[in-house]
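Just below is one structure, and these are the notes that go with it.
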Amino acid sequence: MMISMNIRDINDLSWNEDIKYCLDFFKNNDMANFAPGDYETDKAYVSLRIDEYETQIAQDRYWQAHKNHIDVYILIHGQERIDVKNIEGLKMYHYDRSGDTMMIEETRPNNINLLTKYGDIVICYPKEAHKTGIHVELQNKFKVALFKIDINR
């Protein structure tokens, strides 16, 4: 159940309380001034990581999925493409328990999501493989807020 939209539109939908918490946290904090790194939130089971790096071609990125958390990506600046596909029928070649990351063999995406302006959102639920940090058009440096919601709290 991948979701892609813009932060402007969050009042139009009813949300899972924890996803709404992440979106409100983003709206109420100046994420552009957060340095890359890991941050705590008021909820012990919701973490925040600010990533900032150069996009790459899709072939140089990897597919990943999670068993125990939801990823909420919100673009701060730059552009990023995130490919998404349900993991059903895909082959996992490695699982990192500490980071809850399943590494998935290369596959074609079902959904291609373009984060091109401040506040664009992609939400990936458990068992949705995703490949992040891909060029939209040209290589660029981008910054994204990544909230991780532990579903087994």
Side-chain angles (χ1 to χ4, degrees), residues 1-10 18-41 43 45-87 90-151:
M1 188 178 142
M2 182 274 312
I3 297 171
S4 176
M5 62 184 301
N6 188 279
I7 195 80
R8 294 183 314 269
D9 305 319
I10 68 168
D18 295 323
I19 292 173
K20 181 147 179 22
Y21 172 82
C22 296
L23 302 179
D24 287 342
F25 190 98
F26 183 88
K27 280 178 40 175
N28 296 326
N29 290 278
D30 185 7
M31 295 284 149
N33 287 319
F34 279 46
D38 295 319
Y39 295 87
E40 294 182 2
T41 69
K43 293 187 176 194
Y45 58 90
V46 177
S47 63
L48 168 63
R49 186 174 77 224
I50 302 295
D51 286 331
E52 185 172 37
Y53 55 95
E54 296 281 331
T55 57
Q56 298 176 323
I57 60 173
Q59 294 85 342
D60 290 343
R61 301 297 297 158
Y62 58 89
W63 285 95
Q64 62 178 302
H66 311 290
K67 294 180 180 181
N68 300 309
H69 69 267
I70 298 168
D71 281 348
V72 180
Y73 293 90
I74 309 176
L75 186 69
I76 299 169
H77 70 72
Q79 296 183 337
E80 175 189 19
R81 184 178 113 191
I82 298 177
D83 295 349
V84 180
K85 182 172 184 126
N86 188 290
I87 66 168
L90 301 180
K91 185 175 179 185
M92 176 181 66
Y93 63 87
H94 177 73
Y95 180 64
D96 171 20
R97 286 190 198 286
S98 65
D100 184 36
T101 302
M102 294 183 277
M103 304 304 291
I104 307 293
E105 284 188 356
E106 187 61 30
T107 185
R108 297 182 74 170
N110 282 359
N111 298 305
I112 296 175
N113 306 281
L114 305 179
L115 285 70
T116 60
K117 60 188 172 303
Y118 176 85
D120 282 350
I121 302 167
V122 172
I123 300 170
C124 296
Y125 282 78
K127 300 187 180 173
E128 287 181 322
H130 46 286
K131 184 189 283 196
T132 64
I134 303 169
H135 300 329
V136 171
E137 293 174 2
L138 299 173
Q139 184 177 26
N140 78 104
K141 188 172 187 177
F142 73 99
K143 187 174 186 179
V144 65
L146 170 56
F147 292 90
K148 292 187 172 287
I149 303 169
D150 185 341
I151 61 170

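Just so we're clear, the structure is a prediction, and the values are computed from it rather than from any experiment. This chain uses plain numbering: 1 for the first residue, then up along the sequence.
The shortest side-chain heavy-atom distance between V122 and L75 does not fall under the 4.5 Å cut-off. Side-chain contact between I87 and W63: absent, with no pair of heavy atoms (C-beta onward) separated by less than 4.5 Å. Taking 4.5 Å as the limit, some side-chain heavy atom of V84 sits within range of a side-chain heavy atom of C124. Looking at Y21 and V72, their side chains never come closer than 4.5 Å, going by heavy atoms from C-beta outward. Side-chain atoms of M92 and I104, non-hydrogen and from C-beta on, do get closer than 4.5 Å to each other. N140 has its side chain out of reach of H135: every pair of non-hydrogen atoms, C-beta onward, lies at least 4.5 Å apart. Inter-residue side-chain proximity for M31 and I50 is flagged as met; some heavy-atom pair is nearer than 4.5 Å. Between D18 and I70, the closest side-chain pair of non-hydrogen atoms is not below 4.5 Å.
Taking the ring pair (Phe, Tyr, Trp, His ring centres under 6.0 Å) definition, one finds that Y39 meets it with F34, sequence neighbours left out. For D150, the side-chain contact (heavy atoms from CB on, under 4.5 Å) test picks out Y45, N152, with sequence neighbours left out. In this structure D96 satisfies the side chain to side chain donor-acceptor pair (under 3.5 Å) test together with S98, sequence neighbours excluded. In terms of the side-chain contact (heavy atoms from CB on, under 4.5 Å) criterion, residue partners of M103 (sequence neighbours excluded) are, by chain and number, Y62, Y93, H94, T101.
Sorted by first then second residue, the salt bridge (Lys or Arg N to Asp or Glu O under 4.0 Å) pairs that include residues 61-85, not counting sequence neighbours, are D71-K148, R81-D83. Within the structure, salt bridge (Lys or Arg N to Asp or Glu O under 4.0 Å) pairs that include any residue of residues 130-147 comprise E106-K131 (at least two apart or interchain).
In terms of heavy atoms, I82 sits closest to L115 at CD1-CD1, 4.0 Å.
Ring geometry for H130 against Y73 counts as perpendicular: the plane angle is over 60°, on a 0 to 90° scale with 30° as the lower cut. The aromatic rings of Y118 and F26 sit tilted relative to each other, their planes meeting at an angle between 30° and 60°.
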